[in-house]
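Order of listing sets the numbers, starting from 1, for every ligand and every atom in it. If you read the sequence from its start, that first residue is 1, and numbering goes on from there.
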Amino acid sequence: MNASIQDLELVSVTKRYGATVAVDAINHHFRPSSYTCLLGPSGCGKSSTLRMIAGHESVSDGAILLAGRDISHLAPAKRGTAMMFQNYALFPHLSVTDNVAFSLKMKGVDAATRRAQALEMLSLVDLTDLADRLPDQLSGGQQQRVALARALITRPQVLLLDEPLSALDPFLRIRMRGELRKLQKELGISFVHVTHGQDEALALADEIIVMNNAVIEQAGAARDVFNAPKTRFVAQFMGGHNVIALPEGQFAVRTDAVDITSIENGMLEAVVKAVEYQGTHVSLSARIAGDQEVTALLTDTAFFSNPHHPGDRIGLHWDANNLHQLTA
Ligand code: ADP
Ligand code: MG
(Lines give C-alpha, C1' and ligand atoms only; values in the text may rest on other atoms or scores of the structure.)
(Ligands and ions follow the chains in the order given, each with its own letter.)
Protein backbone atom coordinates (compact mmCIF):
# COMPACT_ATOMS: atom_id res chain seq x y z
CA MET A 1 0.00 0.00 0.00
CA ASN A 2 1.61 3.26 -1.06
CA ALA A 3 -0.93 5.53 0.58
CA SER A 4 0.19 9.09 1.08
CA ILE A 5 0.23 10.18 4.69
CA GLN A 6 -2.21 12.97 3.80
CA ASP A 7 -4.97 10.52 2.96
CA LEU A 8 -8.37 10.29 4.56
CA GLU A 9 -9.48 6.72 5.03
CA LEU A 10 -12.67 5.10 6.31
CA VAL A 11 -12.16 1.62 7.76
CA SER A 12 -15.34 -0.38 8.25
CA VAL A 13 -17.12 2.72 9.57
CA THR A 14 -20.54 2.04 11.05
CA LYS A 15 -23.18 4.32 12.53
CA ARG A 16 -26.12 3.00 14.51
CA TYR A 17 -28.92 5.07 15.99
CA GLY A 18 -30.62 2.58 18.28
CA ALA A 19 -31.89 -0.18 15.99
CA THR A 20 -31.28 1.86 12.80
CA VAL A 21 -28.06 1.11 10.94
CA ALA A 22 -27.46 4.41 9.12
CA VAL A 23 -23.96 3.52 7.85
CA ASP A 24 -23.00 -0.14 7.52
CA ALA A 25 -19.27 -0.93 7.70
CA ILE A 26 -18.16 1.27 4.80
CA ASN A 27 -14.58 1.39 3.56
CA HIS A 28 -13.11 4.12 1.40
CA HIS A 29 -9.73 5.59 0.65
CA PHE A 30 -10.09 9.24 -0.42
CA ARG A 31 -7.52 10.42 -2.92
CA PRO A 32 -5.45 13.31 -1.55
CA SER A 33 -6.21 16.80 -2.92
CA SER A 34 -9.33 15.54 -4.63
CA TYR A 35 -12.93 16.66 -4.88
CA THR A 36 -15.11 13.77 -3.78
CA CYS A 37 -18.90 13.75 -3.86
CA LEU A 38 -20.89 11.50 -1.59
CA LEU A 39 -24.01 10.90 -3.68
CA GLY A 40 -27.23 9.07 -2.91
CA PRO A 41 -30.93 9.40 -2.14
CA SER A 42 -32.27 10.93 1.05
CA GLY A 43 -31.75 8.71 4.10
CA CYS A 44 -28.94 6.58 2.63
CA GLY A 45 -26.41 7.69 5.28
CA LYS A 46 -24.47 10.52 3.58
CA SER A 47 -24.79 13.11 6.36
CA SER A 48 -24.09 10.53 9.05
CA THR A 49 -20.88 9.60 7.23
CA LEU A 50 -19.83 13.23 6.89
CA ARG A 51 -20.67 14.06 10.50
CA MET A 52 -18.61 11.11 11.71
CA ILE A 53 -15.63 12.36 9.69
CA ALA A 54 -16.13 15.85 11.16
CA GLY A 55 -16.52 14.52 14.70
CA HIS A 56 -20.04 15.86 15.15
CA GLU A 57 -21.34 12.31 15.45
CA SER A 58 -19.67 9.40 17.21
CA VAL A 59 -18.49 6.34 15.29
CA SER A 60 -20.36 3.19 16.41
CA ASP A 61 -17.73 0.88 14.92
CA GLY A 62 -14.65 1.12 12.72
CA ALA A 63 -12.07 3.88 12.35
CA ILE A 64 -11.44 7.14 10.51
CA LEU A 65 -7.81 7.79 9.63
CA LEU A 66 -6.34 11.09 8.49
CA ALA A 67 -2.68 11.34 7.64
CA GLY A 68 -2.23 7.87 9.09
CA ARG A 69 -3.62 8.73 12.51
CA ASP A 70 -6.90 7.50 13.98
CA ILE A 71 -9.03 10.62 14.45
CA SER A 72 -12.26 8.72 15.26
CA HIS A 73 -12.36 9.89 18.86
CA LEU A 74 -10.83 13.37 18.61
CA ALA A 75 -12.81 16.59 19.14
CA PRO A 76 -13.89 18.24 15.84
CA ALA A 77 -11.38 21.10 16.16
CA LYS A 78 -8.48 18.68 16.68
CA ARG A 79 -8.99 16.54 13.57
CA GLY A 80 -7.65 18.60 10.70
CA THR A 81 -11.13 18.68 9.19
CA ALA A 82 -13.63 21.54 8.94
CA MET A 83 -17.31 21.44 8.17
CA MET A 84 -19.43 23.89 6.25
CA PHE A 85 -23.04 23.58 7.32
CA GLN A 86 -26.07 23.61 5.05
CA ASN A 87 -27.73 26.53 6.90
CA TYR A 88 -24.38 28.39 7.20
CA ALA A 89 -24.99 28.93 10.97
CA LEU A 90 -23.54 32.46 10.98
CA PHE A 91 -23.71 34.60 14.13
CA PRO A 92 -26.25 37.34 13.29
CA HIS A 93 -24.76 39.96 15.63
CA LEU A 94 -21.16 39.57 14.39
CA SER A 95 -19.70 41.27 11.33
CA VAL A 96 -18.52 39.18 8.40
CA THR A 97 -14.91 39.56 9.58
CA ASP A 98 -15.74 38.56 13.16
CA ASN A 99 -17.74 35.56 11.96
CA VAL A 100 -14.77 34.37 9.93
CA ALA A 101 -12.31 35.05 12.76
CA PHE A 102 -14.47 33.39 15.41
CA SER A 103 -12.60 30.10 15.71
CA LEU A 104 -9.28 31.95 16.08
CA LYS A 105 -10.76 34.01 18.90
CA MET A 106 -11.74 30.77 20.65
CA LYS A 107 -8.16 29.61 20.30
CA GLY A 108 -6.90 32.81 21.95
CA VAL A 109 -5.25 34.27 18.84
CA ASP A 110 -4.68 38.04 19.24
CA ALA A 111 -7.03 40.52 17.55
CA ALA A 112 -4.61 41.85 14.93
CA THR A 113 -3.59 38.38 13.73
CA ARG A 114 -7.23 37.26 13.68
CA ARG A 115 -8.25 40.20 11.56
CA ALA A 116 -5.37 39.76 9.13
CA GLN A 117 -6.15 36.08 8.63
CA ALA A 118 -9.88 36.72 8.31
CA LEU A 119 -9.26 39.34 5.63
CA GLU A 120 -7.01 36.91 3.78
CA MET A 121 -9.79 34.31 3.77
CA LEU A 122 -12.35 36.92 2.70
CA SER A 123 -10.19 37.89 -0.23
CA LEU A 124 -9.96 34.21 -1.18
CA VAL A 125 -13.76 34.02 -1.45
CA ASP A 126 -14.03 37.49 -3.01
CA LEU A 127 -15.77 39.19 -0.10
CA THR A 128 -13.23 41.85 0.90
CA ASP A 129 -15.66 44.69 0.18
CA LEU A 130 -18.32 43.27 2.49
CA ALA A 131 -16.06 42.61 5.50
CA ASP A 132 -17.91 45.00 7.84
CA ARG A 133 -21.46 43.92 7.04
CA LEU A 134 -23.74 41.81 9.23
CA PRO A 135 -24.96 38.45 7.87
CA ASP A 136 -28.52 39.66 7.25
CA GLN A 137 -27.13 42.39 4.96
CA LEU A 138 -25.85 39.67 2.59
CA SER A 139 -27.45 37.58 -0.13
CA GLY A 140 -27.66 33.81 0.26
CA GLY A 141 -24.66 33.29 -2.00
CA GLN A 142 -22.59 35.82 -0.04
CA GLN A 143 -23.55 34.23 3.28
CA GLN A 144 -22.40 30.95 1.90
CA ARG A 145 -19.01 32.38 1.02
CA VAL A 146 -18.69 33.72 4.57
CA ALA A 147 -19.40 30.22 5.87
CA LEU A 148 -16.77 28.86 3.50
CA ALA A 149 -14.16 31.40 4.67
CA ARG A 150 -15.03 30.60 8.29
CA ALA A 151 -14.42 26.90 7.70
CA LEU A 152 -11.19 27.47 5.75
CA ILE A 153 -9.58 29.77 8.33
CA THR A 154 -8.81 26.72 10.46
CA ARG A 155 -6.54 25.51 7.61
CA PRO A 156 -8.15 22.08 7.39
CA GLN A 157 -6.65 19.21 5.40
CA VAL A 158 -10.18 18.16 4.51
CA LEU A 159 -13.19 20.42 4.02
CA LEU A 160 -16.55 18.73 4.55
CA LEU A 161 -19.64 20.20 2.89
CA ASP A 162 -23.16 18.90 3.51
CA GLU A 163 -25.50 19.82 0.63
CA PRO A 164 -23.83 23.25 0.44
CA LEU A 165 -25.74 24.40 -2.65
CA SER A 166 -29.25 23.23 -1.84
CA ALA A 167 -30.44 26.55 -0.38
CA LEU A 168 -29.42 28.54 -3.47
CA ASP A 169 -31.53 29.34 -6.52
CA PRO A 170 -30.61 27.37 -9.66
CA PHE A 171 -28.58 30.18 -11.25
CA LEU A 172 -26.48 30.81 -8.14
CA ARG A 173 -26.11 27.08 -7.53
CA ILE A 174 -24.35 26.62 -10.85
CA ARG A 175 -22.13 29.64 -10.25
CA MET A 176 -21.20 28.57 -6.73
CA ARG A 177 -20.39 25.05 -7.78
CA GLY A 178 -17.89 26.45 -10.25
CA GLU A 179 -16.39 28.55 -7.45
CA LEU A 180 -16.17 25.57 -5.09
CA ARG A 181 -14.41 23.54 -7.71
CA LYS A 182 -11.95 26.36 -8.44
CA LEU A 183 -11.28 26.95 -4.76
CA GLN A 184 -10.54 23.28 -4.16
CA LYS A 185 -8.00 23.25 -6.99
CA GLU A 186 -6.37 26.46 -5.72
CA LEU A 187 -6.12 25.26 -2.12
CA GLY A 188 -5.07 21.74 -3.05
CA ILE A 189 -6.85 20.27 -0.03
CA SER A 190 -9.53 17.55 -0.18
CA PHE A 191 -13.18 18.50 -0.36
CA VAL A 192 -15.85 15.93 0.56
CA HIS A 193 -19.21 17.19 -0.64
CA VAL A 194 -22.56 15.54 0.13
CA THR A 195 -25.28 15.84 -2.49
CA HIS A 196 -28.36 13.97 -3.70
CA GLY A 197 -28.04 15.47 -7.20
CA GLN A 198 -26.20 13.40 -9.78
CA ASP A 199 -25.70 16.42 -12.07
CA GLU A 200 -24.03 18.29 -9.22
CA ALA A 201 -21.78 15.33 -8.46
CA LEU A 202 -20.80 14.90 -12.11
CA ALA A 203 -20.04 18.61 -12.49
CA LEU A 204 -17.85 18.80 -9.38
CA ALA A 205 -16.28 15.53 -8.48
CA ASP A 206 -13.01 13.89 -9.37
CA GLU A 207 -14.41 10.90 -7.57
CA ILE A 208 -17.98 9.89 -6.78
CA ILE A 209 -19.09 7.59 -3.97
CA VAL A 210 -22.62 6.35 -4.61
CA MET A 211 -24.39 5.31 -1.41
CA ASN A 212 -27.66 3.43 -1.01
CA ASN A 213 -29.20 1.84 2.08
CA ALA A 214 -26.21 2.59 4.34
CA VAL A 215 -23.60 1.03 2.04
CA ILE A 216 -21.37 2.15 -0.83
CA GLU A 217 -22.82 0.81 -4.08
CA GLN A 218 -19.95 2.03 -6.22
CA ALA A 219 -17.02 4.42 -5.96
CA GLY A 220 -14.64 5.65 -8.61
CA ALA A 221 -13.75 8.42 -11.03
CA ALA A 222 -16.87 10.37 -11.97
CA ARG A 223 -16.63 9.31 -15.58
CA ASP A 224 -16.21 5.64 -14.74
CA VAL A 225 -19.19 5.61 -12.41
CA PHE A 226 -21.36 7.28 -15.03
CA ASN A 227 -20.07 5.24 -17.95
CA ALA A 228 -19.94 1.83 -16.37
CA PRO A 229 -22.45 1.48 -13.54
CA LYS A 230 -22.07 -1.82 -11.71
CA THR A 231 -25.56 -2.15 -10.28
CA ARG A 232 -29.11 -1.43 -11.40
CA PHE A 233 -29.37 1.15 -8.62
CA VAL A 234 -26.32 3.11 -9.81
CA ALA A 235 -27.46 2.97 -13.46
CA GLN A 236 -30.90 4.29 -12.56
CA PHE A 237 -29.70 6.84 -10.02
CA MET A 238 -27.04 8.32 -12.31
CA GLY A 239 -29.64 8.56 -15.10
CA GLY A 240 -29.08 8.48 -18.84
CA HIS A 241 -29.04 4.66 -18.88
CA ASN A 242 -31.34 1.86 -19.93
CA VAL A 243 -31.41 -1.23 -17.74
CA ILE A 244 -32.25 -4.23 -19.91
CA ALA A 245 -32.72 -7.89 -19.01
CA LEU A 246 -31.26 -10.16 -21.72
CA PRO A 247 -30.80 -13.98 -21.62
CA GLU A 248 -27.19 -13.42 -20.42
CA GLY A 249 -28.23 -11.23 -17.49
CA GLN A 250 -28.97 -7.59 -16.69
CA PHE A 251 -27.18 -4.84 -18.56
CA ALA A 252 -26.93 -1.07 -18.62
CA VAL A 253 -26.52 0.83 -21.86
CA ARG A 254 -26.41 4.60 -22.11
CA THR A 255 -29.43 6.13 -23.84
CA ASP A 256 -27.10 8.09 -26.13
CA ALA A 257 -25.34 4.85 -27.15
CA VAL A 258 -28.52 3.35 -28.60
CA ASP A 259 -28.98 3.78 -32.36
CA ILE A 260 -32.07 3.27 -34.46
CA THR A 261 -31.77 1.08 -37.52
CA SER A 262 -33.89 -1.17 -39.73
CA ILE A 263 -35.33 -4.35 -38.21
CA GLU A 264 -32.92 -6.51 -40.30
CA ASN A 265 -29.86 -4.60 -39.06
CA GLY A 266 -30.92 -4.28 -35.43
CA MET A 267 -29.80 -6.38 -32.49
CA LEU A 268 -33.26 -6.10 -30.99
CA GLU A 269 -36.63 -5.52 -32.58
CA ALA A 270 -38.76 -2.77 -31.08
CA VAL A 271 -41.94 -0.75 -31.51
CA VAL A 272 -41.76 3.02 -31.08
CA LYS A 273 -43.89 4.15 -28.14
CA ALA A 274 -43.12 7.84 -27.78
CA VAL A 275 -41.00 10.55 -29.34
CA GLU A 276 -40.04 13.62 -27.35
CA TYR A 277 -38.33 16.63 -28.90
CA GLN A 278 -35.74 18.12 -26.50
CA GLY A 279 -34.08 20.79 -28.64
CA THR A 280 -30.57 19.47 -29.19
CA HIS A 281 -31.77 15.88 -28.88
CA VAL A 282 -34.80 13.71 -29.48
CA SER A 283 -35.70 11.09 -26.91
CA LEU A 284 -37.32 8.06 -28.50
CA SER A 285 -38.74 5.31 -26.33
CA ALA A 286 -39.50 1.90 -27.73
CA ARG A 287 -40.94 -1.35 -26.42
CA ILE A 288 -38.88 -4.54 -26.78
CA ALA A 289 -39.65 -8.18 -25.92
CA GLY A 290 -40.51 -8.89 -22.31
CA ASP A 291 -42.51 -5.66 -22.06
CA GLN A 292 -39.32 -3.67 -21.49
CA GLU A 293 -38.82 -0.09 -22.54
CA VAL A 294 -35.60 1.21 -24.09
CA THR A 295 -34.85 4.90 -24.59
CA ALA A 296 -32.62 6.14 -27.39
CA LEU A 297 -31.30 9.68 -27.08
CA LEU A 298 -30.65 10.78 -30.67
CA THR A 299 -29.16 14.02 -31.93
CA ASP A 300 -31.81 16.10 -33.63
CA THR A 301 -29.93 15.72 -36.93
CA ALA A 302 -29.88 11.93 -36.66
CA PHE A 303 -33.56 11.74 -35.78
CA PHE A 304 -34.87 14.17 -38.39
CA SER A 305 -32.84 12.61 -41.21
CA ASN A 306 -34.99 9.51 -40.70
CA PRO A 307 -37.90 10.33 -38.39
CA HIS A 308 -39.93 7.65 -36.64
CA HIS A 309 -43.39 7.76 -35.13
CA PRO A 310 -45.26 5.84 -32.45
CA GLY A 311 -46.25 2.42 -33.81
CA ASP A 312 -43.26 2.12 -36.20
CA ARG A 313 -41.32 -1.13 -36.03
CA ILE A 314 -37.57 -0.48 -35.78
CA GLY A 315 -34.30 -2.18 -34.95
CA LEU A 316 -32.13 -1.09 -32.01
CA HIS A 317 -28.36 -1.23 -32.19
CA TRP A 318 -25.38 -0.46 -29.95
CA ASP A 319 -21.69 -1.26 -29.81
CA ALA A 320 -21.04 -4.29 -27.65
CA ASN A 321 -18.54 -2.36 -25.52
CA ASN A 322 -21.30 0.04 -24.48
CA LEU A 323 -23.18 -2.77 -22.77
CA HIS A 324 -22.26 -3.07 -19.08
CA GLN A 325 -23.24 -6.17 -17.17
CA LEU A 326 -24.82 -5.42 -13.79
CA THR A 327 -24.02 -7.45 -10.70
CA ALA A 328 -27.22 -6.68 -8.83
P1 ADP B 1 -28.77 11.29 4.26
O2 ADP B 1 -27.89 12.42 4.67
O3 ADP B 1 -28.22 10.44 3.20
O4 ADP B 1 -30.16 11.77 3.92
P5 ADP B 1 -28.65 10.49 7.07
O6 ADP B 1 -27.26 10.13 7.34
O7 ADP B 1 -29.12 11.83 7.53
O8 ADP B 1 -28.94 10.30 5.52
O9 ADP B 1 -29.62 9.40 7.71
C10 ADP B 1 -29.42 8.01 7.52
C11 ADP B 1 -30.44 7.26 8.36
O12 ADP B 1 -30.20 7.50 9.73
C13 ADP B 1 -31.88 7.66 8.10
O14 ADP B 1 -32.68 6.51 8.23
C15 ADP B 1 -32.16 8.64 9.22
O16 ADP B 1 -33.53 8.66 9.53
C17 ADP B 1 -31.33 8.07 10.36
N18 ADP B 1 -30.86 9.13 11.27
C19 ADP B 1 -30.07 10.19 10.94
N20 ADP B 1 -29.79 10.92 12.03
C21 ADP B 1 -30.40 10.32 13.08
C22 ADP B 1 -30.47 10.59 14.49
N23 ADP B 1 -29.83 11.64 15.03
N24 ADP B 1 -31.19 9.73 15.24
C25 ADP B 1 -31.80 8.67 14.70
N26 ADP B 1 -31.77 8.35 13.40
C27 ADP B 1 -31.08 9.16 12.58
MG1 MG C 1 -28.25 14.53 4.65
Exercise for review: For atom 7 (O) of ligand 1, find the nearest protein heavy atom and state the residue, atom name and distance (0.1 Å precision).
Suggested key: Ser47 CB, 3.8 Å
Practice item. Run the salt-bridge test on Asp110 and Arg115 with the 4.0 Å N-O cut-off and return the result as yes or no. Key: no
Practice item. Using a 4.0 Å heavy-atom cut-off, say whether Glu163 meets ligand 1 through its side chain, its backbone, both or neither. Key: neither
Review point. For atom 18 (N) of ligand 1, which protein heavy atom lies nearest, and how many Å away is it?
Key: Tyr17 CE1, 3.4 Å
**Study point:** Donor-acceptor contact present, side-chain Arg114 to main-chain Leu104, <3.5 Å
**Key:** no
Exercise for review: Give the residue, atom name and distance (to 0.1 Å) of the protein heavy atom nearest atom 12 (O) of ligand 1.
Suggested key: Ala22 CB, 3.3 Å
Check your understanding: For atom 10 (C) of ligand 1, is the nearest protein heavy atom closer than 4.0 Å?
Key -> yes
Review point. Do any of the N, O or S atoms of Ser47 sit under 2.8 Å from the Mg ion (ligand 2)?
Key: yes
Review point. With the threshold set at 4.0 Å, does a side-chain nitrogen-carboxylate oxygen contact exist between Glu179 and Arg173?
Key: no
Study note, to complete from the structure: Among non-hydrogen protein atoms, atom 13 (C) of ligand 1 lies closest to Gly43 O, 3.8 Å
**Study point:** Ala214, portion touching ligand 1 at heavy-atom distance under 4.0 Å
**Key:** neither
Practice item. May I ask you to list the atoms of ligand 1 that are less than 4.0 angstrom from any heavy atom of Arg51? Key: 20 (N)
